[in-house]
Amino acid sequence: MKKKDLLEKIGTEFFSAIFIKNNGDERKILAKLHVKDQKFFAGGELKGNRDHLLECIDVNVLKDIQKNGGDEKRSWRSIQLNNLISLKIKGVEYVQKGENNAIAA
């Protein structure tokens, strides 16, 4: 599935993702796409070609930071589309391990 298709399907919904991090570890997250008016994204600019990345907020990390203090920017995650194992939106799985469909737009 292409990035633009994933972005359309996710919209404003929460989603869960399982992916392989750059260091080879598997990570599971509950996430939401970033919202441009959120204060911790203000003033920043993403540089370079990011078509191969799904940028999102790790909701559990954000909640922990808001509860205990810290820099909310640390909840930001960039998931490499080709490292996605699973992506579920409202219980429907759109990317499954072994699929070669998670490609850049």
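Here the straight-line distance linking atom CD1 of I79 with atom CD of E55 works out to 9.5 Å at 0.5 Å rounding. Atoms OG and CD, on S86 and E26 in that order, are 9.5 Å from each other to the nearest 0.5 Å. Taking CG of N82 as the reference point, atom CD1 of I20 lies at 11.0 Å (rounded to 0.5 Å). In this structure, CD in E93 is found 8.5 Å from CG in L87, a value given to the nearest 0.5 Å. Remark: L81 CG to L6 CG distance equals 6.5 Å, nearest 0.5 Å. Taking NZ of K67 as the start and NZ of K63 as the end, the distance is 11.0 Å to the nearest 0.5 Å.
Hydrophobic clustering (side-chain heavy atoms under 4.5 Å, transitive across Ile, Leu, Val, Met, Phe, Trp, Tyr) keeps L30 apart from I89. Hydrophobic clustering, with ILVMFWY side chains joined whenever heavy atoms are under 4.5 angstrom apart, keeps W76 apart from V59. Follow the hydrophobic side-chain contacts under 4.5 Å out from F14 and you never reach L7; the two are in separate clusters.
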Step-by-step side-chain contact (heavy atoms from CB on, under 4.5 Å) determination, Y94 to K9: CA-CA 9 Å; Y94 289 94; K9 290 217 180 283; 3.0 Å; yes
Derivation and outcome, side-chain contact (heavy atoms from CB on, under 4.5 Å), residues K21 and N83: CA-CA 7 Å; K21 295 173 26 176; N83 287 350; over 6 Å; no
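With hydrogens and angles ignored, the 3.5 Å screen pairs no side-chain donor or acceptor of K32 with any backbone N or O of D58.
Closest approach of V61 and R74 over heavy atoms only: CG1-O, 3.9 Å. Listed here is the closest heavy atom pair of L33 and G11: CD1-O, 3.5 Å. When all heavy atoms of S75 and I65 are compared, the pair lying nearest together is N-CD1, 4.2 Å. Nearest approach of L53 to K3, heavy atoms of both residues: O-NZ, 2.6 Å. The nearest pair of heavy atoms linking I10 to F15 is CG2-CD2, 3.5 Å.
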